There are 2 protein chains.
Amino acid sequence: MGPAPRPTYSVIAKAAGVSEATVSRVLNGDESVHPDRAKRVHEAVDNLGYRKNRVASALASGRSGLIAVVIDDDVSVFSDPFWGTVTSGVSRILSENGLHTVLMVSPVGSVDGGVANYLKSGEVDGAIFFVLHSDALVNNLKKSGLPMVIAGTPHSSLDIPFVDTDNFGGAYAATKHLINQSCKKIAIITGDIGTTAAKQRLDGYLQAFRETGGVPAKGLICEGNYSLQSGMDHARQLLETHPDVDGIFACNDLMAAGAVTVLQDLGRVVPDDVKVVGFDDAVIAQTTRPALTTIRQDVVALGEAAGSLMIAQLNGEDVKPIITTTELIIRASA
Amino acid sequence: MGPAPRPTYSVIAKAAGVSEATVSRVLNGDESVHPDRAKRVHEAVDNLGYRKNRVASALASGRSGLIAVVIDDDVSVFSDPFWGTVTSGVSRILSENGLHTVLMVSPVGSVDGGVANYLKSGEVDGAIFFVLHSDALVNNLKKSGLPMVIAGTPHSSLDIPFVDTDNFGGAYAATKHLINQSCKKIAIITGDIGTTAAKQRLDGYLQAFRETGGVPAKGLICEGNYSLQSGMDHARQLLETHPDVDGIFACNDLMAAGAVTVLQDLGRVVPDDVKVVGFDDAVIAQTTRPALTTIRQDVVALGEAAGSLMIAQLNGEDVKPIITTTELIIRASA
DNA sequence: ACTACCCGCGAAACCGCTTTCACGAAGTCC
DNA sequence: GGACTTCGTGAAAGCGGTTTCGCGGGTAGT
């Protein structure tokens with residue numbers, strides 16, 4: 001009734017008439033075993049329904065086959081579909097390479113919290129970090145020699161491989177689009193400015209703006225935090241301080257949606273009076289009325305890039321940062 | 001430069017002047033060690049910065065401290081924030097109990113795919129399943145004796161503990177609310193009817209309907225699939241076949257939002273002409289105009305319930321299914 | 001024909017921790 | 001006071017793989 005006793009190497013070895021060492025070689029793809037004996041081993045494995053005990057294997061070899069995905073839950077961001085999506089991308093790539101994903105959702109603030117402890121405990125072969133506000137932990141872990149990948153651009157220039165969306169380019173394109181639609185007074189509602197992504201998007205906006213020869217009026221730069229509420233608040237405020245604003249670039253779709261509803265509640269017609277561009281191309285971009293013009297980022301690809309960077313690193317290959325491209329999706333709001 | 005060599009029991013034992021067995025006892029909270037010696041061990045541990053190798057520990061004890069969270073990705077549902085949220089709930093509870101979450105996002109259709117293999121490999125102490133369309137894998141795994149918890153109601157009556165939202169009650173409340181608002185012709189747009197959650201919500205609707213003494217006209221029951229598109233399609237169709245429909249219960253907010261936009265595009269005023277109620281209380285419920293009246297389910301609580309059920313089970317306690325409550329959130333759409 | 005290699009393979013050590021077992025000391029019972 | 005428990009502890013045997021080492025036989029070089 002209990003768990004059926006699983007066969008071990010010794011059983012397989014006996015059945016195949018070889019030594020345990022040979023079983024190990026065969027099962028690990030060592031080419032140097034004679035094909036006949038390899039075949040006997042494989043047969044024995046199949047017949048007995050053998051499955052390798054990964055824990056024992058991990059202990060002996062020092063490789064666990066586990067990769068940690070660490071998401072900083074300081075801001076309980078995990079309810080954002082972004083994380084789920086990117087994580088599933090990572091997970092898929094890793095499992096295609098025989099690795100498994102250990103998910104850790106926990107505040108990463110401290111350098112010696114539970115997460116840090118776990119990562120140092122040698123149970124994982126590598127870690128992928130979604131860094132938001134601080135590089136401290138990553139930086140600290142670097143000493144340990146643990147292979148790491150950062151999703152998102154690190155704040156300081158650690159020489160750790162990272163993947164990120166082309167935030168700058170996307171924001172530039174968004175702003176440019178507004179300019180091309182002959183908007184004269186273009187505001188930006190930024191994301192949490194403590195994150196590099198938000199900074200980069202702001203930079204993209206500034207760059208596009210600068211190319212027009214002007215400098216954005218101070219009040220046109222609103223520091224949001226990616227939440228629906230902040231989109232609404234800033235839109236309202238914007239309308240007070242700059243009633244003639246005719247373009248808004250919100251740094252994610254959620255804020256854009258918030259801005260649109262406020263604009264409409266206050267009698268503005270989108271896009272006729274004010275044009276709005278979002279960022280992400282989240283589902284909400286399609287359900288908002290008018291549907292949001294936005295910058296699509298390929299989130300799954302981002303996750304996959306993170307996964308493959310990790311794999312390359314484990315294989316000892318040279319790795320370079322990967323920046324995934326964005327795409328302007330034109331809908332009705334701008 | 002490489003990873004600093006980590007101390008082992010033998011080092012600690014020597015430093016503390018005790019045997020390795022005693023070190024193990026102390027580190028595993030065995031009460032029977034003399035306090036003085038225990039203290040010496042703890043000091044040695046602190047001084048040397050010792051950290052237990054969990055892999056070795058897992059091999060020797062047969063307990064890995066890992067719990068798999070398996071999400072069926074057949075329908076690439078992971079982009080739905082629901083999954084991220086519930087997973088983070090699970091992860092939090094587990095880590096509070098010294099366990100870690102291994103995330104597996106993969107089609108669970110087959111009984112002997114990679115996931116099944118992994119779960120049988122003994123590397124995890126338990127598994128939490130998000131079952132959607134089939135119980136096959138879970139059912140198969142039951143024989144192995146692996147502790148399991150199902151999130152969502154299983155199709156067949158396996159005697160495996162599960163947690164679920166009160167889908168029936170929520171749907172009942174939603175429909176009842178429409179009835180109380182004196183809607184006469186109330187339609188439902190169901191979720192993917194291959195899932196138990198969708199069935200239960202339909203049942204709740206039917207029950208409320210039945211209590212009015214009537215039976216819903218056939219055309220009022222529309223089989224959707226939780227997607228925005230299906231909400232739009234069914235709303236459009238509904239307006240054709242039943243122009244006098246005055247209430248719609250959509251089984252999630254996404255479909256509700258789709259329905260609302262279509263209704264408006266076709267000249268209906270929500271809620272004056274048609275009232276709409278959604279389910280989930282997702283972010284989109286707040287951004288849709290009018291904001292959606294909906295059924296809130298506490299997704300984090302659901303995840304935490306799943307986690308605690310697993311822990312109880314590992315502790316050998318008796319476990320009963322947990323049904324988390326829902327709440328009617330009244331906004332503008334009904 | 002003789003030494004020098006190379007190749008395939010088994011014996012055995014080892015990875016770091018857990019747990020059983022047995023032993024000596026100390027306490028209990030009549 | 002002798003026999004019986006109880007208690008704290010260390011020695012040692014695993015857990016189930018991986019990997020080093022060296023051996024015997026076949027091939028190559030001279």
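Here is the naming used below: chain letters follow the sequence lines, and residue numbers restart at 1 for every chain. Note that the coordinates shown come from a computational prediction; the quantities given were computed from them, not determined experimentally.
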If the helix axis at each end comes from five base pairs, how far does the helix from C:dA1-D:dT30 to C:dC30-D:dG1 deviate from straight, to 10°? 30°

For B:T325 and B:D166, which I'm curious about, is there any donor-acceptor pair between the side chains at under 3.5 Å? no

Do other residues, nucleotides or ligands put more than 12 heavy atoms under 6.0 Å from B:N315 CG? yes

Do A:N53 and A:S57 have side-chain atoms, one donor and one acceptor, less than 3.5 Å apart? no

Short side-chain donor-acceptor distance under 3.5 Å, B:D298 and B:T324: no

One should read off an interatomic distance between A:T101 OG1 and A:M310 CE, to the nearest 0.5 angstrom, of 10.5 Å

Cut-off 3.5 Å, side chains only: do A:S88 and A:S91 have a donor facing an acceptor? no

Are any side-chain N or O atoms of A:D135 and backbone N or O atoms of A:H155, one a donor and one an acceptor, separated by less than 3.5 Å? yes

Taken to the nearest 0.5 Å, the spacing of A:E123 CD from A:Y118 OH works out to 3.5 Å

Does the side chain of B:R54 come within less than 4.5 Å of B:H100's, by heavy atoms? yes

Can you pull out the residues from residues 40-67 of chain B that lie within a 4.0 Å heavy-atom distance of DNA chain D? B:L59, B:A60

Going by atom type alone, with no hydrogens or angles, which donor-acceptor pairs under 3.5 Å involve a side-chain atom of residues 32-40 of chain A and a protein atom two or more places apart or on another chain?
unit_1: A:S32; atom_1: OG; unit_2: A:D30; atom_2: OD1; d: 2.7
unit_1: A:R40; atom_1: NE; unit_2: A:A16; atom_2: O; d: 3.0
unit_1: A:R40; atom_1: NH2; unit_2: A:A16; atom_2: O; d: 2.9

Please name all residues satisfying side chain to side chain contact (heavy atoms under 4.5 Å, CB included) with B:A60, sequence neighbours left out, ordered by chain then number. none

So if I take residues 22-38 of chain B and measure heavy-atom distances to DNA chain C, which residues fall below 4.0 Å? B:S24, B:R25, B:N28

Find the distance between CG (B:L146) and CD (B:Q313) and round it off to the nearest 0.5 Å. 9.0 Å

Chain B footprint on DNA chain C, 5' to 3' - any atom under 4.0 Å from a heavy atom: C:dG16 to C:dT20

